[in-house]
Enquirer: 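Pasting a structure below so you can have a look.
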Amino acid sequence: MIAMLLKIEPEALQKIQKQLTADQKLLLDLDDGVGELSKVGYCTLDTNFRLLIVPENIELKDYQAHFDSELGPVYYKGYSDTYFDGHEVLSLNPRNQILALKNNGGAVDDRVQIVVLDPAALAK
């Protein structure tokens, strides 16, 4: 298996680090209705990735693959690799302060929302 790398540009890195603590990990979630963390309950035509910040001890049964990154592993649903080409970059749009995911093929998702999941809400 080829090692996947997610490059996080400095401005995006700063934005993420402001919300990330040592007892959390990152998930690049394709919000497609699959899995306990997905909020989409229907089929959508939009590609919707979210950067989830979750407790370190959360079970990752839906997130079996990962990127290496400047922040350590970033987990994702293995089948969502159809959107990836091995040259993924997370950048920050300076005008709207929203993350964008791109690769050599162009924009994958230009509105990647950062979502910090509350451990108490996950326990329910």
Side-chain angles (χ1 to χ4, degrees):
M1 180 173 187
I2 298 172
M4 296 288 280
L5 179 65
L6 175 63
K7 179 177 178 4
I8 304 174
E9 292 184 348
E11 297 83 5
L13 190 64
Q14 278 186 318
K15 184 172 179 82
I16 296 165
Q17 285 176 320
K18 286 179 184 176
Q19 300 178 65
L20 184 65
T21 63
D23 61 343
Q24 295 173 313
K25 59 186 163 191
L26 295 171
L27 310 177
L28 185 61
D29 177 53
L30 176 62
D31 194 10
D32 60 352
V34 175
E36 297 173 10
L37 302 178
S38 185
K39 298 299 178 202
V40 175
Y42 54 88
C43 182
T44 179
L45 298 176
D46 295 330
T47 303
N48 186 18
F49 280 93
R50 302 178 300 158
L51 187 66
L52 303 180
I53 298 176
V54 299
E56 180 67 31
N57 62 353
I58 191 172
E59 185 179 342
L60 294 177
K61 64 182 176 182
D62 296 316
Y63 302 87
Q64 297 300 322
H66 77 276
F67 292 104
D68 293 325
S69 82
E70 291 86 347
L71 293 171
V74 178
Y75 299 92
Y76 63 91
K77 298 171 186 170
Y79 62 84
S80 64
D81 66 359
T82 57
Y83 293 94
F84 308 143
D85 68 4
H87 299 94
E88 280 59 49
V89 176
L90 265 180
S91 61
L92 183 68
N93 182 323
R95 289 201 332 237
N96 62 18
Q97 294 296 300
I98 295 177
L99 296 178
L101 177 63
K102 57 188 174 185
N103 58 28
N104 286 345
V108 176
D109 186 350
D110 59 3
R111 297 190 59 80
V112 177
Q113 182 181 13
I114 299 174
V115 178
V116 180
L117 294 178
D118 177 26
L122 292 172
K124 293 179 182 178

Enquirer: Please round to the nearest 0.5 Å and tell me the distance separating atom CG of Asp109 and atom CG of Leu30.
Expert: 9.0 Å
Enquirer: Where is the tightest heavy-atom contact between Ile16 and Leu90, given as atom of each residue plus distance?
Expert: CD1-CD1, 4.3 Å
Enquirer: Would you compute the distance between atom CD1 of Ile53 and atom CG of Leu26 and round it to the nearest 0.5 angstrom?
Expert: 6.0 Å
Enquirer: Under the criterion salt bridge (Lys or Arg N to Asp or Glu O under 4.0 Å), I'd like the reasoning laid out for Lys77 against Asp62: C-alpha separation, chi angles, the key distance, then a yes or no.
Expert: CA-CA 6 Å; Lys77 298 171 186 170; Asp62 296 316; over 6 Å; no
Enquirer: Could you tell me whether a side-chain N or O of Gln14 sits under 3.5 Å from a main-chain N or O of Ala12, the two making a donor and an acceptor?
Expert: no
Enquirer: Could you state the interatomic distance from CD (Gln97) to NZ (Lys15), rounded to the nearest 0.5 Å?
Expert: 5.5 Å
Enquirer: Is the closest side-chain heavy-atom distance between Lys25 and Val54 below 4.5 Å?
Expert: yes
Enquirer: Between Gly105 and Asn103, which heavy-atom pair has the shortest distance, and what is it?
Expert: N-OD1, 2.8 Å
Enquirer: Under 4.5 Å between side-chain heavy atoms, hopping through other hydrophobics if needed: is there a path connecting Leu20 to Tyr76?
Expert: yes
Enquirer: Nearest 0.5 angstrom please: Tyr63 OH to Asp29 CG, how far?
Expert: 3.5 Å
Enquirer: Kindly assign one of parallel, tilted or perpendicular to the pair Phe84 and Phe49, based on the angle between their ring planes and the thresholds 30° and 60°.
Expert: tilted
Enquirer: Are Leu6 and Met4 grouped together when hydrophobic residues (ILVMFWY) are joined by side-chain heavy atoms under 4.5 angstrom apart?
Expert: yes
Enquirer: Is the closest side-chain heavy-atom distance between Lys102 and Ser91 below 4.5 Å?
Expert: yes
Enquirer: Out of Gln24, Gln19, Gln17, which residue meets the side chain to side chain donor-acceptor pair (under 3.5 Å) rule with Thr21?
Expert: Gln24
Enquirer: With no hydrogens and no angle check, is any side-chain donor or acceptor of Asp85 less than 3.5 Å from a backbone partner on Asn104?
Expert: yes
Enquirer: Taking a hydrophobic cluster as the set of Ile, Leu, Val, Met, Phe, Trp and Tyr residues connected by side-chain heavy atoms closer than 4.5 Å, whether directly or through intermediates, do Leu52 and Ile58 fall within one such cluster?
Expert: yes
Enquirer: Taking atom CG of Leu28 and atom CZ of Arg50, what is their separation to the nearest 0.5 Å?
Expert: 10.5 Å
Enquirer: Under a single-linkage definition using a 4.5 Å side-chain heavy-atom cutoff for Ile, Leu, Val, Met, Phe, Trp and Tyr, are Val89 and Val108 assigned to the same hydrophobic cluster?
Expert: no
Enquirer: Where is the tightest heavy-atom contact between Ile8 and Glu70, given as atom of each residue plus distance?
Expert: N-OE1, 3.0 Å
Enquirer: For Pro73 versus His66, what's the shortest heavy-atom pair and its separation?
Expert: CB-CD2, 3.9 Å
Enquirer: Would you give the length of the straight line joining atom CG of Leu99 to atom CD of Glu9, rounded to the nearest 0.5 angstrom?
Expert: 10.5 Å
Enquirer: Under a 4.5 Å side-chain heavy-atom rule over Ile, Leu, Val, Met, Phe, Trp and Tyr, are Leu5 and Leu27 clustered together?
Expert: no
Enquirer: Which atoms form the tightest heavy-atom contact between Ser69 and Val74, and what is the distance?
Expert: OG-CG2, 3.5 Å
